[in-house]
Amino acid sequence: AKEAGQSISKLLLEKHAKGNIIASTACVGGLASKIIFDNQIEKDWEKYCPNDDNKEVIQTQLAEMVARFHQALGPENFYLEIQWNKLGAQHLANYHIIECAKRTGVKLVTTADSHYSDPTHWKEREIYRQMAMLQFMKNKETKLPESVEDLKCELYPKNAEQIWDTYQSLKGQYNIYDDQLVKESIERTPRRSFSWSKTPIRPQPSRMGSSSTGILSRIWMAWRSPFL
């Protein structure tokens, strides 16, 4: 079913794109990352980090993915995408995607994975995410991060300078990055996404406040109730 769905999507792209669609490989939930993760010896996602497990198998499958998108969209309309956060899985994905770019010649872009528009809304997003995860948690207790510093990912739009600063704060943990390559990937990203601006995205007052932890607790207790 999964392969059929992918085939249908490819056929639709080939039929309707007509040079008018620009695509990239997305976040760690995308197809490129799935190829990388499916070929890991380590099965615990929380323990992922850059490594060479099944490297040639991964690169072969990534090259095949690139060929499919080139056929559907045109080579000039497809990009390999890297992002910056504290997830070891993200840096594992970046490692192989950068290698794929070197081997295939596909251009790299850097993006900011955006799940909310304002940086102060991280707590609302965490509540939403944990509500979605309740079905998998069974009887495990859960709590929200207490501050922005506790987050693995900052999921709001950033300008180029902000993304560069995030990269600089993370690159030292992994000896796999080249500053010039990363800078070029940021500059290559369409300027409708962000530009080299010194004006930060202005945060707005949070609508949730300190009561959000209590809200999550009540949702959790309601979800566990045997009377529901």
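In this text the structure is predicted, and so the values were computed from the model without any measurement.
Side chains of Ser185 and Val109 form no contact here, defined as non-hydrogen atoms less than 4.5 Å apart. A heavy-atom distance below 4.5 Å is found between the side chains of His70 and Val66. Inter-residue side-chain proximity for Leu87 and Trp45 is flagged as met; some heavy-atom pair is nearer than 4.5 Å. Residues Ser24 and Leu80 fail the side-chain proximity criterion, which asks for heavy atoms closer than 4.5 Å. In this structure the side chain of Ile22 never reaches within 4.5 angstrom of the side chain of Phe78, judged on heavy atoms. Between Asn51 and Gln40, some side-chain heavy-atom pair lies under the 4.5 Å cut-off. Put simply, the side chain of Lys158 reaches to within 4.5 Å of the side chain of Thr166, judged on heavy atoms. Contact of the Leu108 side chain with the Tyr79 side chain is not registered, since no non-hydrogen atoms from C-beta on lie closer than 4.5 Å.
A donor-acceptor distance shorter than 3.5 angstrom exists from the side chain of Thr189 to the backbone of Thr110, with no hydrogens or angles considered. The main-chain N or O of His96 is found under 3.5 Å from a side-chain atom of Gln59 such that the two form a donor-acceptor pair. Asn85 places no side-chain N or O within 3.5 Å of a backbone atom of Gln90 that could act as its donor or acceptor partner.
Under the 3.5 Å distance criterion, with hydrogens and angles disregarded, a donor-acceptor pair is assigned to the side chains of Asp52 and Tyr95. Judged by distance alone, the side chains of Gln71 and Glu14 do bring a donor and an acceptor atom under 3.5 Å apart. Counted by atom type alone, Gln61 and Asn39 present one or more donor-acceptor pairs between their side chains at under 3.5 Å. Side-chain contact, His91 with Tyr177: a donor N or O sits under 3.5 Å from an acceptor N or O.
Nearest heavy atom pair, residue Pro50 against residue Gly88, reads CD-O, 4.4 Å. When all heavy atoms are compared, the tightest approach of Asn77 to Ile21 is CB-O, 3.3 Å. Nearest heavy atom pair, residue Val106 against residue Ala101, reads O-CB, 3.4 Å. Residues Glu81 and Thr25 approach most closely at N-OG1, 2.9 Å, considering heavy atoms. Residues Cys27 and Ser33 come closest through the heavy atom pair O-OG, 3.4 Å.
Note that CD1 of Ile97 is 13.5 Å distant from NZ of Lys102, once rounded to the nearest 0.5 Å. In this structure, the separation between CG on Asp53 and CD1 on Ile58 is 7.0 Å, given to the nearest 0.5 Å. Rounded to the nearest 0.5 angstrom, Ile186 CD1 and Gln162 CD are separated by 11.5 Å. Considering CH2 of Trp84 and OG1 of Thr111, their distance stands at 10.5 Å, rounded to 0.5 Å.
Other residues, nucleotides and ligands place no more than 12 heavy atoms under 6.0 Å from the CG atom of Asn175. Annotation: Lys43, atom NZ; neighbour count of heavy atoms from other residues, nucleotides and ligands within 6.0 Å is above 12.
In this structure, Glu46 does not pair ionically with Lys86, as no charged nitrogen and carboxylate oxygen lie closer than 4.0 Å. With respect to the salt-bridge test (charged N to carboxylate O, under 4.0 angstrom), the residues Asp179 and Lys171 qualify.
Taking hydrophobic clusters as Ile, Leu, Val, Met, Phe, Trp and Tyr residues chained together by side-chain heavy-atom distances below 4.5 Å, Val57 does not share a cluster with Ile35.
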Item to check | Derivation of the salt bridge (charged side-chain N to carboxylate O under 4.0 Å, His left out) call for Glu56 and Arg103 | outcome: CA-CA 11 Å; Glu56 293 307 315; Arg103 295 190 185 197; 2.9 Å; yes
Next on the checklist: Assess the residue pair Glu161 and Asp165 against the criterion (side chain to side chain contact (heavy atoms under 4.5 Å, CB included)); give the C-alpha distance rounded to whole Å, side-chain angles, the decisive distance to 0.1 Å, and a yes or no.
Outcome noted: CA-CA 6 Å; Glu161 186 174 79; Asp165 288 344; 4.2 Å; yes
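In this structure Asp38 satisfies the salt bridge (charged side-chain N to carboxylate O under 4.0 Å, His left out) test together with Lys34, sequence neighbours excluded.
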